[in-house]
Amino acid sequence: QVQLVESGGGSVQAGGSLRLSCVASRYTSSFPCMGWFRQAPGTEREVVATIYTGAGSTVYADSVKGRFTISQDNAKNTLYLEMNSLKPEDTAMYYCAADIVAIGGICRAWRAYKYWGQGTQVTVSS
């Protein structure tokens with residue numbers, strides 16, 4: 001059974017920064033795709049950023065481009081999300097997820113991801 005454990009969430013003021021971590025119970029390089037997703041109350045879960053672990057290629061939601069950075073440290077089996085210039089609209093529960101399939105080097109939509117963490121709350125105040 002694969003476990004993903006997120007940490008690093010918290011409360012910050014607008015303009016602040018946070019770094020989320022996700023430790024996997026097995027090699028992160030064994031997952032073709034990993035990503036960060038978020039869900040605010042009353043809204044659907046949405047992608048924040050994904051990484052195709054083999055090539056290290058990344059994809060970001062338009063709303064976070066230039067502010068967030070996804071990265072992986074395979075030696076530590078850890079996925080990161082560096083979040084800068086945070087805005088109140090970034091407030092959500094953030095989830096780490098891993099998928100066992102990548103099609104043509106492209107990560108699938110969030111509903112297809114096989115493994116999920118429990119989430120870490122990020123709250124940004126204005």
Side-chain angles (χ1 to χ4, degrees):
Q1 181 69 18
V2 174
Q3 289 187 322
L4 301 174
V5 180
E6 304 100 332
S7 62
S11 297
V12 296
Q13 290 191 325
S17 299
L18 285 172
R19 187 195 198 199
L20 306 184
S21 299
C22 170
V23 179
S25 60
R26 76 180 202 201
Y27 296 125
T28 49
S29 58
S30 69
F31 303 113
C33 289
M34 295 191 75
W36 289 96
F37 305 84
R38 68 187 181 186
Q39 187 169 17
T43 69
E44 187 175 87
R45 192 167 297 189
E46 63 178 8
V47 62
V48 176
T50 61
I51 185 166
Y52 177 56
T53 61
S57 53
T58 57
V59 176
Y60 294 92
D62 288 343
S63 59
V64 306
K65 282 181 182 176
R67 300 188 297 122
F68 291 11
T69 302
I70 188 172
S71 62
Q72 59 185 36
D73 185 336
N74 290 334
K76 296 182 178 179
N77 294 335
T78 301
L79 183 73
Y80 300 102
L81 184 68
E82 186 76 36
M83 305 187 295
N84 299 313
S85 302
L86 282 161
K87 304 176 181 180
E89 51 263 43
D90 294 318
T91 295
M93 184 70 78
Y94 282 70
Y95 298 91
C96 168
D99 199 8
I100 59 174
V101 174
I103 301 174
I106 298 174
C107 297
R108 300 189 294 179
W110 69 264
R111 287 184 177 85
Y113 277 60
K114 185 173 178 64
Y115 302 110
W116 289 84
Q118 292 300 306
T120 185
Q121 178 68 36
V122 172
T123 302
V124 184
S125 58
S126 58

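All figures in this text were calculated on a predicted structure; none of them were measured in a lab. For the numbers below, each heavy atom of this structure counts, side chains included, while hydrogens, waters and symmetry mates do not.
The side chain to side chain donor-acceptor pair (under 3.5 Å) search around E46 returns R38, not counting sequence neighbours. By the side-chain contact (heavy atoms from CB on, under 4.5 Å) test, T58 is found to be paired with I51, Y60, I70, residues two or more places apart in sequence or in another chain being considered. Under the side chain to side chain donor-acceptor pair (under 3.5 Å) criterion, Q39 pairs with R45, sequence neighbours left out. Every residue two or more places apart in sequence or in another chain that forms a side chain to side chain donor-acceptor pair (under 3.5 Å) with S30 is listed here: R26. Residues passing the side-chain contact (heavy atoms from CB on, under 4.5 Å) test with T123 are S11, T91, Q121, sequence neighbours excluded. Residues that satisfy the side-chain contact (heavy atoms from CB on, under 4.5 Å) test with T28, not counting sequence neighbours, are A24, M34, N74, N77.
In this structure, I103 CD1 and Y52 OH are separated by 11.0 Å, a value rounded to the nearest 0.5 Å. Note: T53 OG1 to Y27 OH = 14.5 Å, rounded to the nearest 0.5 Å. We find the CD-OG distance between Q72 and S29 to be 8.0 Å, quoted to the nearest 0.5 Å.
Hydrophobic clustering of Ile, Leu, Val, Met, Phe, Trp and Tyr side chains at less than 4.5 Å, counting indirect connections, unites L81 with V124. Residues Y94 and Y80 fall into different hydrophobic clusters, defined by Ile, Leu, Val, Met, Phe, Trp and Tyr side chains chained together at heavy-atom separations under 4.5 Å. Both V122 and L79 are assigned to one and the same hydrophobic cluster, defined by single-linkage of ILVMFWY side chains at heavy-atom distances under 4.5 Å.
Listed by first and then second residue, the salt bridge (charged side-chain N to carboxylate O under 4.0 Å, His left out) pairs involving residues 98-108 are D99-R108 (not counting sequence neighbours). Legend: salt bridge (charged side-chain N to carboxylate O under 4.0 Å, His left out) pairs involving residues 67-80, not counting sequence neighbours, sorted by first then second residue: R67-D90. Residue pairs meeting the disulfide (SG to SG under 2.5 Å) criterion with at least one partner in residues 35-103, sequence neighbours excluded, are C22-C96. The list of disulfide (SG to SG under 2.5 Å) pairs with a residue in residues 44-86, not counting sequence neighbours, is empty.
Residues Y115 and I100 meet the side-chain proximity criterion, which asks for heavy atoms closer than 4.5 Å. Counting only heavy atoms from C-beta outward, the side chains of F31 and K114 never approach each other to under 4.5 Å. With contacts defined as side-chain heavy-atom distances shorter than 4.5 Å, the pair T78/S21 qualifies.
Cluster partners of W110, by chain and number: F37, V47, M93, Y95, Y113, W116. The rule joins Ile, Leu, Val, Met, Phe, Trp and Tyr whenever side-chain heavy atoms lie under 4.5 Å apart.
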Residues 12-19, side-chain donor-acceptor partners within the protein, below 3.5 Å, at least two apart:
{"from": "S17", "atom 1": "OG", "to": "N84", "atom 2": "OD1", "distance (Å)": "2.9"}

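Heavy atoms from other residues, nucleotides or ligands lying under 6.0 Å from CD of E89 number more than 12.
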Determine, stepwise, if the pair E6 / L20 fulfils side chain to side chain contact (heavy atoms under 4.5 Å, CB included).
CA-CA 7 Å; E6 304 100 332; L20 306 184; over 6 Å; no
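Minimum heavy-atom separation, P32 to V101: CG-N, 4.0 Å.
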